[in-house]
Chemist: 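Have a look at this one before I ask anything.
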Amino acid sequence: MNVKLYNQPLEQIGADLTLEFVTAKALESHPHHALLTQAGFKAEQEQLCALHEHRLLVCGIDKEMSDELYRSAMACALKSAMNYAYSSLKCAQYTPERFRALVEGAVLGSYTFESYKSEPKPSKLIEVIFSNENNDGSSNAIDTLEAILNQTLIIAKATNFVRNLVNQTPYDMTPQGMAVTADSLAKSNNLECTILDVNGLEAENMNAMLAVGRASTNPPRLIHLAYKPKNPRKVITLVGKGLTYDSGGLSLKAAASMVTMKMDKAGACAVMGIIKAVSELKLDIEVHALIGAVENMIGGNAYKPDDVLRAKNGKTIEVRNTDAEGRLVLADVLGYAQEYVKADYIFDYATLTGACMVALGPYTTGVMGHNEALKQEWLNAAKQSGEYCGNLPFNRHLKKLIKSDLADVCNVSSKPYGGAITAALFLDNFIDEEMKEKWVHFDIAGSAYTESAWDVHTYGGTGAGVRMSMEWLLNLK
Ligand code: BES
Ligand code: ZN
Ligand code: ZN
């Protein structure tokens, strides 16, 4: 979808359709009040009514003050407008913050993924035009709005880039496929890119990651992308779980839970999207994206429950469930990241546990770490960005649940509750002492993928992690 901003009053802009947001209160005095109420329109949130004879699409809004509701309503209105034969739509904007929400709603809400359809049906609607005139006739400075538009488009398009990657099938997006994708991103965005193959991983003693990938015919890759501006204010490391498929391994998933496990690479895709947006916005922050790209499969040489693995940092891990593989991959990638990049912060993104969804529901990212103030910064940034995040607190008793009688630590908890937190406490074993307070773990198991539309998301990858991370990075002092 092309999103444009015109320095003109709304009525002077030529477009096939006008989109108007209306609250129940505004409906009372609406020029088409009779027509709209006749059609059963009550201005409920996301209720739509098209008055084609007036080339007008009206969308209900519950709360005049909520940018979040406008973002979602814009997405909903566009999904509907894309079914008509109109090619352009125009819309007023309200305040700079709301303008941002509307642009996000437009770009994220109009996203479609039709690569696997034999006959893709492209939308006729190709253009959304905003006027700099507010709905009350006042207007905002065009320069301010242009800057917002530019920044919002970069971030929203990076989110759609992530969605495209997540939606690829495991056949198309193997660990090597992910390395090729990273390499082409590096070329187009002027990033450094280093790839380690199996030999490279062996040389780095990344035995936990190697064990997870061993039974697959698609061998693992470690991917390191780096964005290095001239005089960076800070250095940030992002680590992503890139399970291009998670069958569960020998602790095989049940048939129904295996479906959608192509999305187990969403953390890796998110860190690629973030570094893409950071480089396009030319932020003066050095960003490293490290990805463990692995396929968790079964086979005669598969790693097993009962195996003991020695991770890169020397710690030994008792494997009791091969489906808790993400933490094994992250153990080694976190080790590698801390050895090769001296960063101010380290953040990891992973579709790590079903338990995170049990704890927070299917829309919310779990936020874990030792530094309460840092976690709070992230909760604030997420809220501001339109993503849902929830704090999942550590405690010393939970830590005991991953003790092993045989090795240094066990890859699963001895109790069935608190699985998202015990997974994070497992990762904590692979965070160096000096990084403890500078680390945050994001469990995006619920938020990264959806099988039914909600908010600005349609079926498939959501791009979770990109918008909140850009918000945090843009606020970084
Ligand atoms: N990739 C899954 C977690 C997951 C589940 C993500 C559902 C998205 C949706 C992860 O590797 C996994 O299988 N975790 C296990 C851990 C358990 C064996 C301790 C889980 O959550 O059941
Ligand atoms: Zn698993
Ligand atoms: Zn997994």
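Read the numbers this way: they start at 1 and go in the same order the structure lists the ligands and their atoms.
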Chemist: Which atoms of ligand 1 are found less than 4.0 Å from any heavy atom of Met263?
Modeler: 8 (C), 9 (C)
Chemist: Side chain of Asn429, backbone of Phe426: donor and acceptor closer than 3.5 Å?
Modeler: yes
Chemist: State the atom name: nearest N, O or S atom of Asp264 to the Zn ion (ligand 3).
Modeler: OD2
Chemist: Which atoms of ligand 1 are found less than 4.0 Å from any heavy atom of Val412?
Modeler: 19 (C)
Chemist: Just jot down the ligand 1 atoms closer than 4.0 angstrom to any heavy atom of Glu325, in number order.
Modeler: 11 (O)
Chemist: Could you check whether Arg71 pairs with Glu68 (Lys NZ or Arg NE/NH1/NH2 to Asp/Glu carboxylate O, under 4.0 Å)?
Modeler: no
Chemist: Which of the numbered atoms in ligand 1 are under 4.0 angstrom from any heavy atom belonging to Lys241?
Modeler: 1 (N), 10 (C), 11 (O)
Chemist: Indicate yes or no: does Asp67 engage Arg98 in a salt bridge with an N to O separation below 4.0 Å.
Modeler: yes
Chemist: Atoms of ligand 1 less than 4.0 Å from Ala445 heavy atoms?
Modeler: 6 (C), 8 (C)
Chemist: Please state which protein non-hydrogen atom is closest to atom 21 (O) of ligand 1 and give its distance, to 0.1 Å?
Modeler: Gly354 N, 2.7 Å
Chemist: Hey, is NZ on Lys121 packed in by over 12 heavy atoms from elsewhere, all under 6.0 Å?
Modeler: no
Chemist: Can you give me the OE1-the Zn ion (ligand 2)-OD1 angle for Glu325 and Asp323, to 10°?
Modeler: 120°
Chemist: Angle at the Zn ion (ligand 3): provide the value between NZ of Lys241 and OD2 of Asp246, rounding to 10 degrees.
Modeler: 170°
Chemist: Mark up the atoms of ligand 1 that fall under 4.0 Å of a heavy atom belonging to Met261, in ascending order.
Modeler: 1 (N), 4 (C), 5 (C), 6 (C), 7 (C), 8 (C), 9 (C)
Chemist: Compute whether any side-chain donor of one residue and acceptor of the other, for Glu127 and Asn2, lie under 3.5 angstrom apart.
Modeler: no
Chemist: Distance under 4.0 Å to a non-hydrogen atom of Thr351: what atoms of ligand 1 satisfy this?
Modeler: 1 (N), 2 (C), 3 (C), 6 (C)
Chemist: Sub-3.5 Å donor-acceptor pair from the side chain of Asp264 to the main-chain atoms of Thr244, do we have one?
Modeler: no
Chemist: For ligand 1, which atoms have a heavy atom of Asn321 less than 4.0 angstrom away?
Modeler: 18 (C)
